[in-house]
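Please read the structure below before turning to the comments.
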Amino acid sequence: MAKHNDTGRWGEDLACRALITDGCAIVERNWKSLKFEVDIIAQRGNSLVFAEVKTRAADGDDPYQALTPDKMRQMMRAADCYVRTYNIPLEIQFDFFAITGDEHNYSIDHIKDMTMPLMRTPAKRKR
């Protein structure tokens with residue numbers, strides 16, 4: 001498996017652990033339909049959480065650059081497809097994980113419930 005695939009899987013594992021610690025149950029990982037893919041789908045109470053995970057090496061690009069308006073629209077469409085396919089009557093929540101580093105030294109930022117994702121700007125963080 002390519003190194004970037006290993007890095008992505010490692011980042012998704014971290015995000016799953018964070019969601020579980022936060023009281024979620026993981027429902028799906030890497031769910032795919034014909035047009036969409038969702039990194040993690042989890043349930044917390046009456047909410048279904050659709051989580052996008054972007055993992056970058058410490059010397060790589062900023063993971064927040066991947067959180068574009070097009071990406072957010074794609075997440076919303078994927079959630080709609082999932083909910084309609086399985087007839088799920090839960091509230092929808094969108095989360096974003098930005099992970100930078102490697103298994104020895106990393107930072108993890110978790111933006112919860114991005115109800116107004118295109119209006120938010122991530123807080124500046126030190127590297």
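For the single chain, residues carry numbers from 1 onward in sequence order.
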If you round to the nearest 0.5 Å, how far is [atom2] of [Y] from [atom1] of [X]?
X   : Y    : atom1 : atom2 : result
Q93 : C24  : CD    : SG    : 7.0 Å
D95 : K112 : CG    : NZ    : 7.5 Å
M75 : I92  : CE    : CD1   : 11.0 Å
L19 : L14  : CG    : CG    : 11.0 Å
F94 : L48  : CZ    : CG    : 9.5 Å
E28 : D39  : CD    : CG    : 12.5 Å

I'd like to check I108 versus F97 (side-chain heavy atoms, cut-off strictly below 4.5 Å). Are they in contact? yes

Side chains of R29 and R9: does their closest heavy-atom pair fall under 4.5 Å? yes

Evaluation steps, side-chain contact (heavy atoms from CB on, under 4.5 Å), between L67 and K54: CA-CA 9 Å; L67 189 59; K54 292 299 178 188; over 6 Å; no

Identify the heavy atoms of [X] and [Y] that sit nearest to each other, and give their distance.
X   : Y    : value
I88 : Y82  : CD1-CE2, 3.3 Å
N46 : L90  : O-CB, 3.6 Å
K35 : Q74  : O-NE2, 4.1 Å
I40 : E12  : CD1-O, 3.8 Å
Q65 : T68  : O-CG2, 3.5 Å
A57 : T100 : O-CG2, 3.8 Å

Would W31 and F36 count as a ring-ring contact (aromatic ring centres under 6.0 Å, His included) if you check the C-alpha gap in whole Å, the side-chain angles of each, and the deciding distance to 0.1 Å? CA-CA 8 Å; W31 177 81; F36 307 109; 7.6 Å; no

NZ/NE/NH1/NH2 to OD/OE distance under 4.0 Å, R77 and D80: no

Electrostatic pair D22:R44 at N-O distance under 4.0 angstrom: yes

If you apply the rule side-chain contact (heavy atoms from CB on, under 4.5 Å), what do you find for I41 with V49, and how did you get there? CA-CA 6 Å; I41 302 172; V49 179; over 6 Å; no

Could you tell me how the ring of Y64 sits relative to the ring of F96: parallel (under 30°), tilted (30 to 60°) or perpendicular (over 60°)? tilted

Quick one: do I99 and R56 satisfy side-chain contact (heavy atoms from CB on, under 4.5 Å)? Show the steps, please. CA-CA 6 Å; I99 301 168; R56 302 291 187 260; over 6 Å; no

